[in-house]
Amino acid sequence: MDEQKQTYDPAAIEPKWQAFWSENNVFRAKNPGDPDFDLEQPKFYALDMFPYPSASGLHVGHPEGYTATDIVSRCKRAKGFNVLHPMGWDAFGLPAEQFAIQTNTHPAEGTARNVDTFRRQLKTLGFSYDWEREFGTCDPSYFKWTQWIFKQLHARGLAYESNAPVWWCEALGTVLANDEVINGRSERGDHPCERRPLRQWVLKITEYAERLLQDLDDLDWSESLKTMQREWIGKSEGAEIEFDVAEHGDKKIRVFTTRPDTLFGASFMVLAPEHALVSQITTAAQQSAVAGYVKAAAAKSELERTELAKEKSGVWTGAYAHNPLFKKDDPKGRIPVWIADYVIVTYGTGAIMAVPAGDERDFEFAQKFGIAIPGIFAPDTGDAESDRAVASGDKCCTDEAPYAAHCQTHDGKITLHGLSMADGMRQLIEWLVAEGRGEAKTTYKIRDWLFSRQRYWGEPFPVLHTDDGVQLVADDQLPVELPMMEDFKPGGVPESPLIRAQDWVKTTDASGRPATREINTMPGAAGSSWYFLRFCDPNNDNEFCSKAASDYWLPVDLYVGGTEHAVGHLLYSRFWTKALHDDGLVSVKEPFHKLYNQGMIQAFAYQDERGAVIPRDKTKVDGDDVVHIETGKKLKQTVTKMSKRYGNVVNPDDIVNEFGADTLRLYEMYMGPLADAKPWNQKDVPGVHRFLHRSWRLAVPEDAEKGTVHAWLSEDRDRDAALEKALHRMIHKVTGDIERMAFNTAIAAMMIFVNEATKAMDKLSRSQLLRFAQVLAPFAPHICEELWHRLGGEGLLTYAAWPTVDEKLLVDDDVEIAVQVLGKVRARVKLPRNASKDEALAAARDSVASWLEGKNVVKEIVVPNKLVNFVAK
RNA sequence: GCCGGAGUGGCGGAAUCGGCAGACGCACUUGAUUCAAAAUCAAGCGCCGCAAGGCGUGCGGGUUCAAGUCCCGCCUCCGGCACCA
């Protein structure tokens with residue numbers, strides 16, 4: 001075949017096997033309809049969050065998750081599964097365009113180059129992807145179907161144009177969705193954003209809010225991620241209640257509350273400053289104060305509004321509302337209407353009833369402005385001072401508390417006293433409904449998905465604007481491709497650069513009438529909302545994905561990636577899947593069954609006594625310490641995110657060049673639990689590299705004259721019983737650990753085996769080494785395929801059946817048990833496995849005789865095959 | 001403020017069901033090999049103590065024959081949410 005070196009040489013064997021796998025299409029996944037497809041074979045779909053191909057290339061964080069899914073994929077393949085393990089590129093979007101502007105190139109060019117780099121880097125790592133399924137979201141053959149799906153959403157009324165206020169980011173020259181704006185600043189670039197009413201395309205994700213919430217329960221996702229989605233969806237149950245505005249006959253204020261039962265304690269109302277009623281009900285005397293407050297609130301950025309949240313502010317409108325619990329002419333029901341910026345116009349009805357005795361914010365507000373705080377809860381703490389305060393309303397009581405006796409409707413029909421909170425709410429809502437004053441209501445915080453951007457590098461909408469309104473481009477005209485533009489920079493106006501491509505914009509509709517194209521483009525998350533579906537059937541020109549293919553492959557069995565997509569991509573993908581399901585286009589309701597979040601790979605950094613991180617090139621190692629080169633002062637080790645600024649970024653290419661891909665894969669899996677954040681420690685890398693050398697030496701002699709493999713391995717022979725047991729124990733451990741994604745302990749188990757085998761090297765059999773190579777292969781595939789080949793394993797290791805474990809070999813004949821006196825280990829004794837209780841006690845008592853001398857054993861605990869504990873006084 | 005997760009040697013981490021804390025790796029120490037170094041191999045390596053022994057999983061209590069693991073109260077760090085009525 002080729003020149004065979006005797007020492008472990010990853011630089012030679014890794015490219016060799018990568019080429020072999022590629023040329024022979026070893027990792028191709030069979031699809032329904034393929035000639036050799038077998039529907040009986042179980043399937044496994046292992047998916048990575050496909051990367052955004054940035055100009056800086058692969059980061060060590062990428063291979064962390066990719067290695068994890070690759071291990072599972074290779075193991076499943078060996079266990080007889082038909083495995084779908086694809087890779088592609090999330091290639092449309094802002095950063096590519098930003099980079100193109102900076103470097104004065106076209107984003108298509110830069111993206112293609114970056115994709116080439118990523119592909120090359122990933123291929124050197126030996127991932128078992130089915131590269132025939134590769135695509136990028138910016139490929140016309142892909143975004144044709146992204147546009148087609150948009151049409152399906154539009155047909156069902158899930159896509160609409162809106163003029164509502166949206167987040168506009170001047171620096172990025174585009175509008176952004178809620179999940180892309182954090183505290184009023186853009187997630188990407190940290191630029192300030194502001195609310196502006198602009199015509200935009202919006203997707204009606206709110207229609208799916210309840211199902212997106214309910215269906216979370218059955219997913220195998222971490223609780224923290226589910227919590228993030230639940231909080232984002234933000235469901236609240238309660239009621240809407242209608243108040244008349246006094247002296248304004250027909251004017252009514254509707255409020256949303258989660259505690260309608262506390263209506264008895266409502267002593268004022270608050271409208272958001274932007275609320276439509278404000279200008280209508282404000283009295284002449286309050287006109288200027290109210291106008292001033294509204295203006296000031298509008299000028300505040302979102303950030304200022306939340307930052308200044310500590311101190312309540314507000315202005316009285318001069319108007320009064322009437323609490324429907326009281327008779328029309330009862331002055332107790334007459335409560336003032338205020339405006340304040342702690343009430344948010346976009347949530348609920350933008351107006352609240354304020355119950356200072358039951359809500360901390362309302363309490364704070366009432367105290368500051370001297371508004372009445374009517375007590376509505378009965379004392380029950382037993383603490384005199386506290387009880388007095390609760391009863392009089394001097395204390396806010398936000399927990400569930402018994403109602404006061406006077407909580408009774410004016411008609412006497414409802415008395416809350418003695419009821420539970422749930423019953424109180426239910427009865428009061430019933431009363432309000434009967435009175436025509438309100439109804440039960442559920443609200444959600446989630447807003448519809450802002451789906452258009454004023455940028456060039458995205459999917460064009462399949463939309464034409466005509467005098468008659470919006471028309472969708474016919475299916476046979478898809479895809480609508482981007483026009484080639486020299487200058488695609490965003491303009492200063494909130495309008496897409498595509499407006500300058502007038503040749504493209506001006507067109508005709510199907511019947512030849514003049515039309516203009518939609519000039520906004522879709523957001524980056526459009527293409528990533530269904531790529532997992534396309535991977536099932538990526539080369540289909542007639543459908544977005546055949547039903548047979550998606551029925552077979554979906555849902556994704558294992559999805560691995562970072563938490564940064566918790567409320568963006570992961571929610572949008574679930575939404576699109578449900579929408580397509582409702583159209584009968586896919587069978588599943590959820591795309592990702594098991595989701596695993598990898599932790600971030602961090603790096604060590606060094607900080608001075610003030611805590612400032614000193615860049616790596618300004619530090620040096622001095623004995624056991626790391627010191628600042630300029631000052632010579634000792635620095636303290638800390639852990640940070642990898643950052644160019646600190647000079648502690650690790651490039652995977654460097655590791656591959658120095659140690660090989662197998663070492664990189666193994667090291668990243670050995671660092672610690674996949675889900676944990678953990679620091680890269682360059683000093684640990686040679687440790688796993690040594691392990692591979694030791695593994696290699698189990699098979700290959702250093703001296704070429706002694707042969708390709710050790711003489712004793714040339715043919716099979718009797719297996720050494722002790723090694724066979726150690727091997728079975730190891731295989732059992734590794735198999736279970738892969739199943740529970742505990743790769744670090746799996747590797748530790750293999751190290752233990754190699755250590756044992758090294759000590760009795762010439763007792764190893766060929767069969768034992770072949771099986772060892774098989775279980776190591778998912779982690780370090782190249783070295784194992786090479787060992788398999790050299791040892792004369794049948795066919796390719798990749799498709800060799802996973803070794804079986806003989807349960808009988810997992811147990812020893814003798815066990816060592818710990819002997820404790822009063823819970824402290826004082827001796828160990830060796831006993832036959834499953835020795836009787838008496839036998840164990842007798843042996844144990846002898847072993848700790850000196851500890852029991854002069855003492856009275858009052859109790860004896862025997863845990864079979866583990867320990868004996870004497871309780872002696 | 002609220003909701004999660006975590007805190008174990010010099011470092012990364014292990015302990016899957018309440019049953020021997022520190023697996024495995026790194027670093028370090030000693031020895032073998034070597035002219036020497038690297039590599040490799042062998043041994044040691046939680047803390048205090050000459051030893052016997054004692055102490056030890058963020059802190060303080062508790063349950064238990066037995067607690068890193070369970071309960072109560074705190075501290076610190078990380079992540080998320082945050083005037084959402």
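Quick note on labels: first sequence line is chain A, next is B, and so on, each numbered from 1.
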By nearest heavy atom, map A:Ala749 and A:Arg447 onto RNA chain B; which one lands nearer the 5' end?
A:Ala749
Side-chain ion pair, A:Glu64 and A:Lys678, N-O less than 4.0 Å:
yes
Suppose we screen for side-chain hydrogen bond (donor to acceptor under 3.5 Å, both in side chains). Which residues come up paired with A:Thr638, at least two apart in sequence or across chains?
none
Proximity to the side chain of A:Thr258 - top-ranked nucleotide from B:C65, B:C3, B:A85:
B:A85
Name the pairs: protein N/O against N/O of nucleotides 48-52 of chain B, kept only if under 3.5 Å.
none

Determine, for nucleotides 7-15 of chain B in 5'-to-3' order, which nucleotides have protein heavy atoms under 4.0 Å from the base (write B), from only the sugar-phosphate (write S), or from neither (write -).
----SBSSS
Using a cut-off of 4.0 Å on non-hydrogen atoms, how would the nucleic acid contact of A:Glu860 be classed: base, sugar-phosphate, or nothing?
nothing
Need one value for A:Gln820: base, sugar-phosphate or nothing, where a base atom within 4.0 Å counts as base even if backbone is also close, heavy atoms only.
base
Just the atom pairs and distances: protein N or O near nucleotides 40-46 of chain B's N or O, under 3.5 Å.
from	atom 1	to	atom 2	distance (Å)
B:U40	O3'	A:Arg697	NH2	3.4
B:C41	OP1	A:Arg694	NH1	2.6

Side chains of A:Ser236 and A:Tyr347: any donor to acceptor distance under 3.5 Å?
yes
Once side-chain hydrogen bond (donor to acceptor under 3.5 Å, both in side chains) is applied, do any residues pair with A:Glu231, and if so which ones, sequence neighbours excluded?
none
Can you pull out every side-chain hydrogen bond (donor to acceptor under 3.5 Å, both in side chains) where at least one residue sits in residues 748-759 of chain A? Sequence neighbours excluded, please.
A:Arg694-A:Asn755
Residues at least two apart in sequence or cross-chain that pass ring-ring contact (aromatic ring centres under 6.0 Å, His included) with A:Phe772, listed by chain then number, are A:Phe753
May I have the distance from A:Lys312 (atom NZ) to B:G1 (atom C1'), rounded to whole angstrom?
12 Å
Which residues pass the ring-ring contact (aromatic ring centres under 6.0 Å, His included) test with A:His565, not counting sequence neighbours?
A:His569
Reading RNA chain B 5' to 3', how would its secondary structure be written in dot-bracket notation, given Watson-Crick and G-U pairs with both distances under 3.5 Å, brackets [ ] for crossing pairs and | for partners on other strands?
(((((((..(((......[....))).(((((.......))))).(((....)))..(((((..]....))))))))))))....
Please tell me which of the listed nucleotides, B:G19, B:A85, B:G54, lies nearest to the side chain of A:Val863?
B:G19
Determine whether the aromatic ring centres of A:Trp338 and A:Phe365 lie less than 6.0 Å apart.
yes
Distance check: side-chain N/O of A:Thr563 vs OP1/OP2 of B:G79, anything under 4.0 Å?
no
Side-chain donor-acceptor pair present, A:Thr563, A:Asn597, cut-off under 3.5 Å
no
Any carboxylate oxygen within less than 4.0 angstrom of a Lys/Arg side-chain nitrogen, looking at A:Glu242 and A:Arg254?
yes
Please tell me which of A:Glu223 and A:Thr346 maps to the more 5' nucleotide of RNA chain B, matching each residue to the nucleotide holding its nearest heavy atom.
A:Glu223
Among B:C83, B:G19, B:C3, which nucleotide sits nearest the side chain of A:Asn869?
B:G19
So A:Ile861, base contact, sugar-phosphate only, or nothing? Heavy-atom distance under 4.0 Å.
base
Starting at CD of A:Gln682 and ending at P of B:C26, how long is that distance when rounded to a whole Å?
14 Å
Ignoring the backbone of A:Met751, work out which of B:G25, B:A21, B:A85 is nearest its side chain.
B:G25
In whole Å, what is the span from the CG atom of A:Leu867 to the C1' atom of B:A21?
14 Å
When all nucleic acid strands are considered with a 4.0 Å heavy-atom cut-off, which category describes A:Lys866: base, sugar-phosphate, or nothing?
sugar-phosphate
For A:Trp680, check ring-ring contact (aromatic ring centres under 6.0 Å, His included) against everything at least two apart and list the hits.
A:Tyr667
Would you kindly say whether A:Ser313 and A:Tyr293 are connected by a side-chain donor-acceptor distance under 3.5 Å?
yes
Pick base, sugar-phosphate or nothing for A:Arg826, based on heavy-atom distances below 4.0 Å to the nucleic acid.
sugar-phosphate
Whole-Å distance, A:Lys226 NZ to B:G5 C1', equals 16 Å
Among B:C24, B:A85, B:C3, which nucleotide sits nearest the side chain of A:Asp359?
B:A85
When you get a sec, tell me which of B:G4, B:A85, B:A21 is the closest nucleotide to the side chain of A:Ser224?
B:G4
Distance-only donor-acceptor hits, side chain of residues 860-867 of chain A, under 3.5 Å, sequence neighbours excluded:
from	atom 1	to	atom 2	distance (Å)
A:Glu860	OE2	A:Arg845	NH2	2.7
A:Asn865	OD1	A:Asn834	N	2.9
A:Asn865	ND2	A:Asn834	OD1	2.8

Contacts of A:Thr663 meeting side-chain hydrogen bond (donor to acceptor under 3.5 Å, both in side chains) (sequence neighbours excluded), chain-then-number -> A:His689
Regarding A:Thr640 and A:Asn648, do their side chains bring together a donor and an acceptor under 3.5 Å, going by distance alone?
yes
